[in-house]
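One structure is given here, and the rest of the page talks about it.
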Amino acid sequence: MQLPEPRGPLSVALCRDLATRTSLSAETIERADRVAGAGACALTDEDLQISLAVLYELHYRGFDGVSEDWEWDPALLRVRAALERRHLAALRELVGPIEVTGEPVDRQLSALIAADDGPSLSSFMSKQGSLEQWREYLALRSVYHLKEADPHTFAIPRLSGRAKAAMVEIQADEYGGGSAARMHSELFAGLMTSLGLDATYGALWDDAPAAAFASVNTMSLFGLHRRWRGAALGHLTAVEMTSSEPSRRYSAGLRRLGFDERVTVFYDEHVEADAVHEQIASVDMCGSLVAGEPELAADVLFGAACSLAMDGLAALHLLGAWESGRSALRRERSLAA
């Protein structure tokens, strides 16, 4: 994929260095220090979020014309760490204090999810979402779903025993059980194509707002740091525990617009798979992790709370834009040829 369009001073300097230099410039380091020390909310900072996304993408598929030697460049990792600290501070402020009780962690996760009062984007899309709103929603979600499962998978080598086996079981389904055509990322790409969107990996990055990248960057941060392995599992578990019914509603919304099972298969797959994954994730995966490392219970709950909060942030961005009669994207979306 191509480097994305910069969104501020830091991403301008960063992308220029990656494309034209072999070492990080003093200008990029200075701009990163400014962004890392800024006081505005990191989760809606377009410059910070696209810069973090670019830095993380070096660990995924990389960029055309960018040397793979950048992936572990020490100066680049120091810049990333500074941005991550601001991102984490914003996450902690957003979710608030995490209370750990003596109950089994699966029950604590259920209670956390039950207490969530974020807006229901799936209900809106099921009953009211227009075709154009669906296209905007898919463009935003493509930042994650075209790499679905990859951020969480980074956590697998950091686990052992039952927790590791449970995560592998969940992730194997995400990757289609060995069938490339059934990988969830491929099913989502097919959904995008059916609605007239360019499903090429990374093609809609320039359209997507900071909220889309903040969500995926949170997953990448958790997955790429052993320190946050508990949060990675909690985040994945919240996804599995909360996506079955919304997926049913998303499928109903597409059918309301006249699409059949050839288009709704991405959501239909999640209705069934995530209902099965819920117990595996909360009991076998998180329960086993916390049983062996009780000190990670707070991290598990923090990761789950971040998942819920980031979904709420994206929903507020989309619904707020649509209610005011404007597009939720940064620029006019890209249609497939």
Side-chain angles (χ1 to χ4, degrees), residues 55-61 71-72 77 80-81 84 87-88 91-92 95 98 100-113 144-145 147-178 183-185 215-244 270 273-311:
L55 293 170
Y56 286 138
E57 192 60 31
L58 298 174
H59 298 290
Y60 292 103
R61 304 192 195 184
E71 181 179 5
W72 297 108
L77 293 179
R80 195 186 82 189
E84 287 174 334
H87 184 92
L88 273 168
L91 287 174
R92 289 191 176 103
V95 305
I98 300 296
V100 180
T101 70
E103 286 197 300
V105 72
D106 61 302
R107 294 184 183 177
Q108 295 186 65
L109 287 163
S110 295
L112 184 70
I113 290 168
Y144 168 61
H145 282 308
K147 59 157 55 82
E148 185 164 349
D150 291 348
H152 294 124
T153 298
F154 278 122
I156 291 176
R158 283 111 191 223
L159 307 175
S160 61
R162 191 180 180 192
K164 184 172 191 170
M167 192 171 195
V168 169
E169 181 178 357
I170 293 170
Q171 297 302 85
D173 285 346
E174 302 291 332
Y175 292 121
M183 290 195 301
H184 290 181
S185 57
S215 178
V216 186
N217 287 340
T218 298
M219 299 182 215
S220 296
L221 190 158
F222 292 159
L224 284 166
H225 290 270
R226 185 177 185 277
R227 158 68 182 88
W228 292 109
R229 63 193 182 280
L233 269 60
H235 190 289
L236 173 59
T237 299
V239 171
E240 300 297 339
M241 293 180 73
T242 60
S243 63
S244 184
H270 282 75
D274 292 351
V276 174
H277 291 168
E278 178 176 346
Q279 289 299 309
I280 299 172
S282 62
V283 178
D284 297 339
M285 186 174 70
C286 290
S288 298
L289 179 74
V290 172
E293 300 178 88
E295 68 277 9
L296 295 184
D299 288 348
V300 169
L301 296 174
F302 175 65
C306 288
S307 176
L308 299 172
M310 296 312 299
D311 281 350

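Throughout, numbering of the chain's residues begins at 1 and tracks the sequence.
- Residues F154 and Y56 keep their aromatic ring centres 6.0 Å or farther apart.
- Residues W72 and H59 place their aromatic rings such that the two centres sit under 6.0 Å apart.
- Under 4.0 Å is where a charged nitrogen must lie from a carboxylate oxygen, and between R61 and E57 no such pair does.
- By the 4.5 Å heavy-atom criterion applied to side chains, L308 and D311 are not counted as neighbours.
- In terms of heavy atoms, S282 sits closest to D106 at O-CB, 3.6 Å.
- Taking both residues in full, the closest heavy atoms of V100 and A297 are given as CG1-CB, 4.0 Å, listed atom of the first, atom of the second, then distance.
- For the atom pair S307 OG and L112 CG, the distance stands at 9.5 Å (nearest 0.5 Å).
- Note on E169 versus K164: no salt bridge recorded, every NZ/NE/NH1/NH2 to OD/OE distance being 4.0 Å or above.
- Remark: E71 CD to L55 CG distance equals 11.5 Å, nearest 0.5 Å.
- By the neighbour-count criterion of 12 heavy atoms within 6.0 Å, atom CZ of R227 is densely surrounded, having more than that number from other residues, nucleotides or ligands.
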Practice problem: Show your working on side-chain contact (heavy atoms from CB on, under 4.5 Å) between C286 and L109 and close with a plain yes or no. | Solution: CA-CA 9 Å; C286 290; L109 287 163; 4.2 Å; yes

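- Atom CG of L159 sits about 5.0 Å away from atom CG of L233, to the nearest 0.5 Å.
- Residues L91 and F302 meet the side-chain proximity criterion, which asks for heavy atoms closer than 4.5 Å.
- R162 places no side-chain N or O within 3.5 Å of a backbone atom of L289 that could act as its donor or acceptor partner.
- Scanning both residues, F222 and G303, for their nearest heavy atoms gives CE1-CA, 4.0 Å.
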Quiz item: Would Q279 and M285 satisfy side-chain contact (heavy atoms from CB on, under 4.5 Å), going step by step from the backbone distance to the final call?
Solution: CA-CA 9 Å; Q279 289 299 309; M285 186 174 70; over 6 Å; no

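- E174 contributes atom CD, which lies 10.0 Å from atom CE of M167 (distance to the nearest 0.5 angstrom).
- Residues P151 and Y60 have side chains in contact (heavy-atom distance under 4.5 Å, counting atoms from C-beta outward).
- Within the 4.5 Å cutoff, no side-chain heavy atoms of S185 are placed close to those of K147.
- The main-chain N or O of E103 is found under 3.5 Å from a side-chain atom of Q108 such that the two form a donor-acceptor pair.
- In terms of modelled atom types and a separation under 3.5 Å, the side chain of R158 and the main chain of A155 share no donor-acceptor contact.
- Side chains of T218 and H235: a donor-acceptor N/O pair is absent below 3.5 angstrom, by distance only.
- With a 4.5 Å cut-off on side-chain heavy atoms, S244 and H270 do not count as touching.
- Contact check for V290 versus V300: side-chain heavy atoms found under the 4.5 Å cut-off.
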Practice problem: Give the C-alpha distance, both sets of side-chain angles, the deciding distance and a yes or no for side-chain hydrogen bond (donor to acceptor under 3.5 Å, both in side chains) between H277 and D173. | Solution: CA-CA 9 Å; H277 291 168; D173 285 346; 2.7 Å; yes

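- Here the side chains of Y144 and D150 are not in contact, with every heavy-atom distance at 4.5 Å or above.
- Nearest heavy-atom pair, A305 versus I98, reported as atom, atom and distance to 0.1 Å: CB-CD1, 3.9 Å.
- Residue E84 holds its CD atom at 9.0 Å from CG of L77, rounded to the nearest 0.5 Å.
- Put simply, CD on E148 and OG1 on T153 are 10.0 Å apart, with the number rounded to the nearest 0.5 Å.
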Quiz prompt | Pair L236-Q171, side-chain contact (heavy atoms from CB on, under 4.5 Å): steps then yes or no | solution = CA-CA 10 Å; L236 173 59; Q171 297 302 85; 3.9 Å; yes

